[in-house]
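First the structure, in the form of structure tokens, and then the observations on it.
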Amino acid sequence: MIRHNLYSKKSINIIIIISFFMSILLSFHYLSKYDKLVKIEYAQKLGHPMIKSAVQLHWFEADQIITDIKDKKKFLEYGKDYDEFLPQRILALYYYITGDTILDKNGNHETNNGKFLYLVLKTLLFYLSIIYLKSKITKILPIKNCFFIISFLVLEPTIFQFHSSFWNESLFFPLQILLLSYLVSSPVNLFVNFSIGILLGVMFGVSVESFYLILPIIIFQILKFKKKSLKIVASSIFGFIIVLSIISLHNFKRTNTVFFMNDGAKSALYFYIAPSVLSISESIPIESAQSKMNIEKLEWINENKIKVSFNNKKFRDLGNIDNKIDRLKYYNYLQYTSLKIIIKNPLSTVKFMFKKNLHTIVLDPFFIKNFYKFEMRGKLRHYKSETHANEIPYRIIYSGILYMIILSGFFYSLKNVNKIFMFSIVILTLYPIFILGWMGVSRYFVPSLIYLSIFFGNGITNILDIMNNKNKI
């Protein structure tokens with residue numbers, strides 16, 4: 001009777017509610033401890049422990065958007081050329097509605113300015129998406145499997161920690177869960193599939209790396225709907241194009257140039273892969289590889305008479321270019337140079353990618369805690385600290401146990417789950433590795449856990465069933 005009551009819709013609802021309030025309490029704890037200005041030692045200036053790195057850029061950008069609104073700029077001319085389109089706009093909308101300020105007169109982050117409610121609203125969005133997924137998944141899988149799938153999504157610490165942060169993941173997870181719900185139910189309805197195209201566009205607006213997600217979804221639709229897939233695929237593509245068109249129109253209004261993906265995507269290979277591959281292939285230090293590439297870059301600029309204003313002309317200083325044609329040529333050069341190094345050195349590239357991908361798949365349930373506690377650079381940074389070294393064995397063991405359960409669930413799913421659905425889950429899981437695995441950052445793999453929740457839930461169910469069968473014997 002106890003086991004029967006445990007695996008029920010009611011028990012799933014209870015876990016969802018408990019997890020929601022746990023997340024709220026954690027957000028309150030972090031804000032109570034870290035919502036303050038502190039001196040950043042390596043920069044010798046004031047900073048906010050919870051808002052730094054890429055997160056800080058979104059807050060500065062949101063403040064600029066609010067300034068543009070107050071200056072009565074046209075709607076499509078708000079903001080600048082940002083890496084992501086939506087996070088800073090969502091943040092700006094929230095603060096515009098609440099009336100709180102983001103930065104003080106000195107350009108420092110305000111404290112006690114509505115951050116808690118913002119985190120609560122984002123967390124609520126996640127749990128509402130979980131409830132929606134539950135309504136779909138309980139129709140196709142046994143309630144016991146659903147119990148462990150939902151429990152994983154709301155309690156797994158690597159996912160759970162981001163609800164109490166301002167990273168993009170907390171916006172991206174609910175969108176992923178809606179996409180997973182679509183794969184579970186896979187309706188033929190054209191409006192629903194059009195909405196999935198819109199959803200994929202919004203996901204791109206939150207994270208530019210998700211641009212190619214539409215490809216595995218199209219493959220899923222073709223395999224699933226077969227002869228009916230033409231209209232379904234077309235409706236999804238149409239929805240996706242609408243979002244890209246809005247982003248492109250916004251960029252055109254500001255720059256007179258039509259584009260939906262900024263130059264950051266072209267410079268990523270130049271910064272993060274090419275120097276390491278060159279370093280391995282020529283057996284030289286990474287600094288020497290960067291210096292070599294930088295010299296070639298400066299020579300190319302002079303030869304092509306590109307007008308660039310630099311701060312220091314070092315490797316990471318790409319400079320500023322006002323001329324749009326020159327800017328396009330310059331960033332195309334960076335991309336071409338990077339690809340040339342990568343393609344000419346396949347063995348070095350594979351060696352580099354393999355090492356980085358191993359780092360990527362080692363989960364880090366401590367990431368947010370350490371992000372708040374440590375500085376990003378200098379002597380007080382987390383990387384290579386004693387804390388970092390002590391946590392590695394725990395992270396490896398935890399990741400290993402989790403992946404073994406997931407592997408068990410994969411084999412269970414081969415016999416009990418639709419193969420097309422399984423194929424799509426595997427592709428979506430591997431997607432971050434193909435797109436961002438070369439960064440070696442475990443945070444980029446966390447979105448894959450959303451999809452792996454299916455295999456985890458099935459894995460736990462499989463293990464418990466095997467144990468129960470042994471006990472009966």
Side-chain angles (χ1 to χ4, degrees), residues 1-23 123-160 163 173-189 192 196 199 220 224 401-426 428-429 446-473:
M1 179 65 70
I2 295 175
R3 290 183 180 180
H4 175 73
N5 290 335
L6 177 62
Y7 308 126
S8 65
K9 290 184 180 180
K10 182 179 179 180
S11 61
I12 293 175
N13 290 336
I14 291 172
I15 287 179
I16 292 173
I17 293 170
I18 291 173
S19 175
F20 172 74
F21 283 106
M22 285 171 57
S23 180
T123 302
L124 181 61
L125 183 64
F126 174 83
Y127 284 91
L128 288 174
S129 69
I130 289 289
I131 292 171
Y132 180 72
L133 174 64
K134 187 204 74 171
S135 70
K136 298 297 181 182
I137 205 168
T138 49
K139 293 178 181 178
I140 68 163
L141 287 176
I143 192 66
K144 185 177 181 179
N145 301 54
C146 296
F147 174 85
F148 289 114
I149 291 169
I150 299 299
S151 296
F152 177 84
L153 287 170
V154 299
L155 296 175
E156 198 285 317
T158 318
I159 298 172
F160 183 82
H163 306 325
F173 291 159
L175 303 176
Q176 283 187 282
I177 292 169
L178 291 178
L179 184 61
L180 180 59
S181 302
Y182 166 76
L183 296 176
V184 168
S185 57
S186 55
V188 183
N189 185 286
V192 173
I196 287 303
L199 176 67
F220 168 79
K224 183 72 177 179
I401 293 172
L402 207 64
Y403 292 142
M404 283 191 288
I405 295 171
I406 288 170
L407 186 62
S408 172
F410 175 80
F411 289 117
Y412 171 95
S413 300
L414 284 174
K415 298 179 181 178
N416 300 279
V417 176
N418 179 275
K419 299 299 185 295
I420 297 173
F421 175 70
M422 270 194 68
F423 172 77
S424 302
I425 292 298
V426 171
L428 290 171
T429 297
V446 180
S448 293
L449 296 180
I450 299 295
Y451 308 116
L452 288 175
S453 63
I454 302 294
F455 295 147
F456 178 87
N458 289 344
I460 289 289
T461 300
N462 186 37
I463 292 169
L464 291 177
D465 287 346
I466 292 172
M467 292 173 61
N468 288 334
N469 291 333
K470 285 185 177 180
N471 289 334
K472 288 179 182 179
I473 295 172

Nearest atoms (heavy-atom pairs only) where Ser8 meets Ser11: O-OG, 2.7 Å
Interatomic spacing from OG in Ser185 to NZ in Lys136 - rounded to 0.5 Å: 5.0 Å
Lys10 atom NZ: more than 12 heavy-atom contacts under 6.0 Å: no
Spatial distance of atom CD1 (Ile143) from atom OH (Tyr7) [nearest 0.5 Å]: 11.5 Å
With a cut-off of 3.5 Å and sequence neighbours excluded, list every side-chain donor-acceptor pair involving residues 449-463.
from	atom 1	to	atom 2	distance (Å)
Tyr451	OH	Gln176	NE2	3.3
Ser453	OG	Ile450	O	2.6
Asn458	OD1	Asn145	ND2	2.7
Asn458	ND2	Ser413	OG	2.9
Asn458	ND2	Ile454	O	3.4
Thr461	OG1	Gly457	O	2.9
Asn462	ND2	Ser408	OG	3.0

Separation between CE of Met422 and CG of Leu183, rounded to the nearest 0.5 Å: 13.5 Å
Side chain proximity check, Leu464 to Phe148, heavy atoms < 4.5 angstrom: yes
Residue pair Leu178, Tyr132: steps toward the side chain to side chain contact (heavy atoms under 4.5 Å, CB included) verdict: CA-CA 8 Å; Leu178 291 178; Tyr132 180 72; 3.7 Å; yes
Near-ring test His163/Tyr127, centroid separation under 6.0 angstrom: yes
Smallest separation among heavy atoms of Ser135 and Thr138, with atom names: O-OG1, 3.8 Å
Minimal non-hydrogen separation, Ile177 against Phe126, with atom names: CD1-CE1, 3.4 Å
From Ile406 atom CD1 to Ile401 atom CD1, the distance as rounded to the nearest 0.5 Å: 12.0 Å
Expected output: side-chain Lys134 to main-chain Ile12 donor-acceptor under 3.5 Å: no
Intermediate values then yes/no, ring pair (Phe, Tyr, Trp, His ring centres under 6.0 Å), Phe423 and Phe220: CA-CA 8 Å; Phe423 172 77; Phe220 168 79; 9.5 Å; no
Separation between CG of Leu175 and CG of Leu180, rounded to the nearest 0.5 Å: 12.5 Å
Reported CG-to-CZ distance for the pair Leu141 and Phe421, which is rounded to 0.5 angstrom: 7.0 Å
Which atom of Phe410 lies closest to which atom of Val426, heavy atoms considered: CE1-CG2, 4.0 Å
For Asn189 against Val192, the heavy-atom pair lying closest together: OD1-N, 3.0 Å
Side chains of Leu125 and Phe173 in contact at under 4.5 Å (non-hydrogen atoms): no
Heavy-atom pair of closest approach, residues Thr429 and Ser448: O-OG, 2.6 Å
With Lys144 via salt bridge (charged side-chain N to carboxylate O under 4.0 Å, His left out) - residues at least two apart: Asp465
Option from Leu155, Leu128, Ile150 for which side chain to side chain contact (heavy atoms under 4.5 Å, CB included) with Ile16 holds: Ile150
